[in-house]
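For clarity, every value in this text was computed on a predicted model and none was experimentally measured. Each chain gets a letter, A, B and so on, in the order its sequence line appears, and its residues count up from 1.
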There are 2 protein chains.
Amino acid sequence: MIKLSKKVEYAILALQYIAENSSKTNTAKEIAENLTLPYEFLSKLLQTLMKKGLLVSQLGVKGGYKLAKQISEITVEELMNALDERSNIVDCADGDSNCCSRTEICDIRSPIMNLQEQINNIFKNTTIANLKNNL
Amino acid sequence: MIKLSKKVEYAILALQYIAENSSKTNTAKEIAENLTLPYEFLSKLLQTLMKKGLLVSQLGVKGGYKLAKQISEITVEELMNALDERSNIVDCADGDSNCCSRTEICDIRSPIMNLQEQINNIFKNTTIANLKNNL
DNA sequence: CAAAAATACGATTATTTTTATCCGAATTTA
DNA sequence: TAAATTCGGATAAAAATAATCGTATTTTTG
Ligand code: FES
Ligand code: FES
């Protein structure tokens with residue numbers, strides 16, 4: 001179905017929100033409320049982005065999140081990787097093999113990989129900042 | 001996860017198989033056996049492709065499927081549509097709205113649609129014949 | 001005509017993936 | 001020490017995908 005997962009969608013919105021409010025640390029709760037996103041889910045997601053180095057977190061009261069890098073320097077590809085969402089269109093894309101029957105003698109693997117690269121390029125060339133209307 | 005569904009994957013393989021054996025009518029059973037694909041599932045899928053005009057079927061003994069058009073004239077986009085697989089990366093892509101929170105004032109819709117178009121173009125410009133190694 | 005080999009169609013089940021929640025722990029501020 | 005918050009693991013709920021079942025219909029052929 002070639003769909004961006006909610007994780008990715010929420011993360012884009014959250015990153016843009018944090019970018020707009022970069023003067024302070026933003027709590028997961030505040031972001032969730034302002035964007036009307038499920039708090040627990042968003043919370044998990046932000047923690048992941050932190051661990052992957054896209055966000056910096058501060059624990060405790062007055063804690064929250066800030067950007068670790070500008071959203072103009074975060075590509076969609078990077079975001080997907082951080083969220084463990086591979087942009088693979090077939091399972092064998094990262095070497096796992098048997099994405100389709102007859103793996104060994106697969107007739108379509110190489111051309112499928114070509115498709116894959118075209119798609120990767122799109123995500124590689126789009127940053128979170130690019131995904132805003134009001135530039 | 002941006003993954004081609006099994007339906008699409010199997011369909012590509014099946015169409016290529018039928019193209020290679022275009023002199024005769026190919027039964028679902030034969031195709032499934034030769035490609036090691038689940039018969040019932042493939043069968044359903046071929047029926048769908050027939051109804052959508054990509055295949056021609058013949059009922060009864062000696063029945064089976066033939067191509068209704070050359071695989072060089074079937075794009076991946078067309079195939080996905082035929083299989084009711086939209087290549088939408090977000091729900092609002094075909095007007096359904098509220099794909100993400102704050103739909104009305106969605107900051108990212110238009111740029112997301114741009115991404116969408118880039119992806120559509122890839123699928124629009126790739127035919128089933130293009131997805132073969134041995135041209 | 002009857003049997004066999006197919007497709008056609010609808011319903012259902014099973015599996016996997018995605019999305020969401022819960023809970024207790026650790027950390028920091030005041 | 002209490003409150004606000006991130007952290008981390010486990011689990012649950014929902015949705016989408018993949019697969020199967022059963023029966024009907026069509027066509028060929030002996
Ligand atoms: S084995 Fe991956 S495309 Fe065939
Ligand atoms: S409403 Fe679809 S991208 Fe925001």
Given dT6(D), dT19(C), dT7(C), the nucleotide with the shortest approach to the side chain of Thr27(A):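 The answer is dT6(D), which lies nearest to the side chain.
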[X]: side-chain hydrogen bond (donor to acceptor under 3.5 Å, both in side chains) partners, not counting sequence neighbours:
X	result
Lys24(B)	Glu30(B)
Glu78(A)	Lys69(A)
Ser110(B)	Asn133(A)
Asn121(A)	none

Would you kindly give the [atom1]-to-[atom2] distance between [X] and [N], to the nearest whole Å?
X	N	atom1	atom2	answer
Leu46(A)	dC7(D)	CG	P	9 Å
Leu45(B)	dA8(C)	CG	P	13 Å
Leu42(B)	dT17(D)	CG	P	19 Å
Gln47(B)	dA6(C)	CD	P	15 Å
Leu83(A)	dA20(C)	CG	P	14 Å
Leu49(A)	dT6(D)	CG	C1'	14 Å
Lys3(A)	dT17(D)	NZ	P	7 Å
Leu55(B)	dA6(C)	CG	C1'	15 Å

Measuring to OP1 and OP2 of [N], would you say a side-chain N or O of [X] lies under 4.0 angstrom away?
X	N	result
Tyr39(A)	dT6(D)	yes
Ser5(A)	dT17(C)	no
Tyr10(B)	dA18(D)	no
Ser57(A)	dC7(D)	yes

Nearest non-hydrogen partners of Ile128(A) and Ile12(A), listed with the distance: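 Between these two residues, the closest heavy atoms are CG2-O, 4.1 Å.
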Between protein and nucleotides 22-30 of chain D, map the contacts as a letter string: B base, S sugar-phosphate only, - none, heavy atoms under 4.0 Å, written 5' to 3'. ----BBBS-
Which pairs would a plain distance check flag for residues 51-67 of chain B, meaning a side-chain donor or acceptor within less than 3.5 Å of a matching protein atom at least two apart in sequence or in another chain?
unit_1, atom_1, unit_2, atom_2, d
Lys52(B), NZ, Ala82(B), O, 3.1

I'd like to know if Glu20(A) pairs up with Lys132(A) as an ion pair, taking the criterion as any Lys NZ or Arg NE/NH1/NH2 lying under 4.0 Å from an Asp or Glu carboxylate oxygen.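 Salt bridge: yes.
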Given DNA chain C, 5'-ward residue of the pair Gly64(B) and Phe41(A), judged by closest heavy atom: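 It is Gly64(B), whose closest nucleotide lies nearer the 5' terminus.
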